[in-house]
Amino acid sequence: QKEVEQNSGPLSVPEGAIASLNCTYSDRGSQSFFWYRQYSGKSPELIMFIYSNGDKEDGRFTAQLNKASQYVSLLIRDSQPSDSATYLCAVNMDTGNQFYFGTGTSLTVIP
Amino acid sequence: DTGVSQNPRHKITKRGQNVTFRCDPISEHNRLYWYRQTLGQGPEFLTYFQNEAQLEKSRLLSDRFSAERPKGSFSTLEIQRTEQGDSAMYLCASSFLASEQYFGPGTRLTVT
């Protein structure tokens with residue numbers, strides 16, 4: 001079992017819709033969780049991080065964390081074509097020393 | 001610009017040659033990480049430094065790979081006797097302790 005798992009997609013949503021991206025992780029002791037956006041050929045760009053159970057909102061983005069179920073999700077409201085990218089979930093395990101990344105979910109927002 | 005910088009951005013080398021990459025982290029960050037990313041995969045951890053100390057190294061990392069951070073500021077990653085399988089994007093990230101990591105633009109290595 002991989003430490004961090006994501007559906008590779010592709011996920012397609014129409015412009016203006018809500019995109020929902022999901023991630024599960026294996027280490028129950030994981031402490032912090034991150035979402036990165038990566039455009040083709042570019043490096044990952046931090047979007048959000050979340051440490052506590054519940055929701056955290058930042059503009060059009062909402063991160064949701066459920067430690068009991070070991071999943072973290074990212075909602076993108078009012079999706080725009082510029083949101084089309086691969087979204088990487090990263091988890092900082094109990095040791096706090098390494099980030100483990102999922103393989104990413106490819107999102108396409110259709111105008 | 002006070003972000004993470006990496007040089008060179010692209011490197012083409014012949015199999016068997018040695019290559020060295022440089023990373024300059026965000027100045028107030030004490031942790032520096034190296035990752036490798038291939039197409040369709042997430043970044044794969046290689047090693048990390050806290051200040052000048054290399055605290056962890058991936059078990060998957062070949063002995064041909066070595067990294068340094070001599071004064072706790074910039075870091076170099078060297079690959080000796082490159083192989084075609086080393087072709088990848090090499091990413092550097094920095095953070096303050098175990099907080100969120102910020103990535104540089106990466107160095108794309110092509111081994112012919």
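Every chain is numbered from 1, with letters handed out A, B, ... down the list of sequences. As a basis for the values below, the full set of heavy atoms in this structure was taken, side chains included, without hydrogen atoms, waters or symmetry mates.
Counting heavy-atom neighbours within 6.0 Å of A:Asn7 CG, excluding the residue itself, gives a total of 12 or less. Residue B:Glu78 qualifies as enclosed at atom CD: its count of foreign heavy atoms under 6.0 Å is above 12. A 6.0 Å sphere centred on CZ of B:Arg15 holds no more than 12 heavy atoms belonging to other residues, nucleotides or ligands. Open room surrounds NZ on B:Lys11; 12 or fewer heavy atoms of other groups in view lie less than 6.0 Å from it. Counted within 6.0 Å of CG on B:Leu55, heavy atoms from surrounding residues, nucleotides or ligands total more than 12; the atom is thus considered enclosed.
Summarising the geometry, atom OG belonging to B:Ser95 is positioned 8.5 Å from atom CG belonging to A:Asn92; distances are rounded to the nearest 0.5 Å. Atoms OG and CE, on A:Ser43 and B:Met89 in that order, are 7.0 Å from each other to the nearest 0.5 Å.
Grouping the Ile, Leu, Val, Met, Phe, Trp and Tyr side chains by contacts below 4.5 angstrom, directly or via other members, places A:Leu75 apart from A:Ile50. Grouping the Ile, Leu, Val, Met, Phe, Trp and Tyr side chains by contacts below 4.5 angstrom, directly or via other members, places B:Val111 with B:Trp34. Grouping the Ile, Leu, Val, Met, Phe, Trp and Tyr side chains by contacts below 4.5 angstrom, directly or via other members, places A:Met48 with A:Phe33. When hydrophobic clusters are built by joining Ile, Leu, Val, Met, Phe, Trp and Tyr residues whose side-chain heavy atoms come closer than 4.5 Å, directly or via intermediates, B:Tyr90 is not grouped with B:Tyr48. There is a path of hydrophobic side-chain contacts, each under 4.5 Å, that joins A:Val13 to A:Tyr87.
Only the side chain of A:Gln38 comes within less than 4.5 Å of a heavy atom in chain B; its backbone stays farther off.
Taking the six-membered ring where the residue is Trp, the centroids of A:Phe99 and B:Tyr35 are separated by 6.0 Å or more.
Counting all heavy atoms, side chain and backbone alike, A:Leu88 lies closest to B:Gly42 at CD2-CA, 4.1 Å. When all heavy atoms of A:Thr103 and B:Gln41 are compared, the pair lying nearest together is CG2-OE1, 3.7 Å. When all heavy atoms are compared, the tightest approach of B:Glu100 to A:Tyr51 is OE1-OH, 3.6 Å.
Residues of residues 103-110 of chain B lying under 4.5 angstrom from chain A, judged on non-hydrogen atoms, are B:Phe103, B:Gly104, B:Pro105, B:Arg108 by number. For residues 63-73 of chain A, a heavy-atom distance under 4.5 Å to chain B picks out no residue at all.
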Start with the C-alpha distance between A:Tyr36 and B:Gln101, add both sets of side-chain angles, then the distance that settles side chain to side chain contact (heavy atoms under 4.5 Å, CB included), and finish with yes or no.
-> CA-CA 10 Å; A:Tyr36 288 83; B:Gln101 296 182 13; 3.5 Å; yes
